[in-house]
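For the numbers below, each heavy atom of this structure counts, side chains included, while hydrogens, waters and symmetry mates do not. Here is the naming used below: chain letters follow the sequence lines, and residue numbers restart at 1 for every chain.
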Amino acid sequence: MNVNDKAYKEKVYELVRQIPVGHVMTYGQIATILGEGYTPRTVGYVMHAAETENVPWQRVINSQGKCSTGRLTIPMNLQQQMLEQEGVEFNAKGKCDLNKFVWWPEGSEPEELHPSLFS
DNA sequence: AACTTGACGAGGG
DNA sequence: CCCCTCGCCAAGT
């Protein structure tokens, strides 16, 4: 199972497609939930191609609650703007409250998977 | 094959 | 809160 396998990528996309409007998930969170073979970096790698996969890619941000699209082909601030349009709030420094906007799939346990991340 | 660069993350200063 | 280091894993050069 490597990052180029169709099935490997699909698992990421399927999960991302489940994120409700107005909510987000982090790369590390996705990697933890998918488990075996997935790491934050590989999730990020898979996501760079998400634009063409009918996936709400804007709902995936980093563990600091910020958008990591600075040096991409994606226009600056586009991701944040799209999220704000869905109701996700960001402070002046471009950071959102993960406690409030992160979404957890049915069955996962936030406290256990993501200890003291939200401060 | 060596080295650099990421849509990353945690810990320390 | 910012910055740096390290661990991580795959791609590009």
Side-chain angles (χ1 to χ4, degrees):
Chain A
M1 198 77 156
N2 68 70
V3 298
N4 292 308
D5 289 335
K6 183 90 175 159
Y8 185 98
K9 299 188 200 172
E10 264 317 303
K11 284 192 70 174
V12 175
Y13 299 145
E14 278 175 23
L15 182 53
V16 175
R17 278 191 277 258
Q18 292 176 48
I19 306 174
V21 171
H23 290 75
V24 298
M25 280 184 83
T26 71
Y27 302 95
Q29 190 190 351
I30 292 172
T32 302
I33 291 172
L34 293 181
E36 177 79 32
Y38 290 85
T39 69
R41 277 217 186 287
T42 57
V43 170
Y45 176 73
V46 169
M47 285 306 291
H48 75 187
E51 295 174 272
T52 58
E53 298 288 340
N54 192 30
V55 171
W57 57 269
Q58 74 276 18
R59 294 179 196 147
V60 183
I61 63 181
N62 65 31
S63 69
Q64 314 311 306
K66 298 183 186 173
C67 302
S68 323
T69 53
R71 54 208 157 206
L72 260 58
T73 56
I74 299 172
M76 263 306 239
N77 302 324
L78 174 60
Q79 180 173 18
Q80 184 176 324
Q81 288 169 14
M82 291 177 75
L83 288 175
E84 289 176 326
Q85 255 183 334
E86 314 186 340
V88 178
E89 302 158 12
F90 288 83
N91 65 20
K93 300 186 177 83
K95 182 167 139 195
C96 79
D97 185 347
L98 293 180
N99 252 328
K100 199 166 173 183
F101 299 106
V102 159
W103 172 78
W104 293 89
E106 211 51 44
S108 62
E109 295 170 31
E111 301 82 2
E112 196 176 316
L113 294 175
H114 232 175
S116 56
L117 169 65
F118 317 117
S119 57

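Under a 4.0 Å N-O distance rule, the pair A:Glu89/A:Lys100 qualifies as a salt bridge.
Separating the CE atom of A:Met25 from the P atom of B:dC8 is a distance of 16 Å, rounded to the nearest angstrom. As rounded to whole Å, 12 Å separates atom P of B:dA7 from atom CG of A:Asn62. Taking atom NZ of A:Lys66 as the reference point, atom P of B:dA7 lies 16 Å away to the nearest angstrom. Remark: C1' of B:dG9 and OH of A:Tyr27 are 12 Å apart, rounded to the nearest angstrom. In this structure, CD of A:Gln64 is placed 11 Å from C1' of B:dG11, rounded to the nearest angstrom. With rounding to whole Å, A:Gln29 atom CD is found 11 Å from B:dA10 atom P. The distance between atom NE2 of A:His48 and atom P of B:dT5, rounded to the nearest whole Å, is 18 Å. Atom OH in A:Tyr38 sits about 17 Å away from atom P in B:dG9, given to the nearest Å.
Annotation: side-chain hydrogen bond (donor to acceptor under 3.5 Å, both in side chains) contacts of A:Glu86 (sequence neighbours excluded): A:Gln58, A:Arg59. When the side-chain hydrogen bond (donor to acceptor under 3.5 Å, both in side chains) test is applied to A:Glu14, no partner is found at least two apart in sequence or on another chain. Scanning for side-chain contact (heavy atoms from CB on, under 4.5 Å) contacts around A:Ala31 gives A:Tyr38, A:Pro40, A:Val43, with sequence neighbours left out.
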Find every protein N or O atom lying less than 3.5 Å from an N or O atom of nucleotides 8-12 of chain C, and list the pairs.
from, atom 1, to, atom 2, distance (Å)
C:dC8, O2, A:Arg41, NE, 2.7
C:dA11, OP1, A:Asn4, OD1, 3.2
C:dA11, OP1, A:Asn4, ND2, 2.5

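A:Tyr13 contributes a side-chain N or O that, together with a main-chain N or O of A:Val46, makes up a donor-acceptor pair within less than 3.5 Å. Here the side chain of A:Gln29 pairs no donor or acceptor atom with the backbone of A:Trp104 at under 3.5 angstrom. With hydrogens and angles disregarded, a donor-acceptor distance shorter than 3.5 Å links the side chain of A:His23 to the backbone of A:Val21.
Distance from the side chain of A:Pro40 is smallest for B:dC8 among the nucleotides B:dC8, B:dA7, C:dC1.
The side chain of A:Ser68 places no N or O atom within less than 4.0 Å of a non-bridging phosphate oxygen (OP1 or OP2) of B:dA7. The side chain of A:Lys93 places no N or O atom within less than 4.0 Å of a non-bridging phosphate oxygen (OP1 or OP2) of C:dC2.
For DNA chain C, no neighbouring residue in residues 83-90 of chain A is found when judged by any heavy atom under 4.0 Å.
For the C1' atoms, the distance linking B:dG6 with C:dG7 amounts to 14 Å, nearest Å.
A:Val24 is not listed as a side-chain neighbour of A:Val60, based on a closest heavy-atom distance of 4.5 Å or more.
The salt bridge (Lys or Arg N to Asp or Glu O under 4.0 Å) analysis of residues 16-37 of chain A, with sequence neighbours excluded, yields the pairs A:Glu10-A:Arg17.
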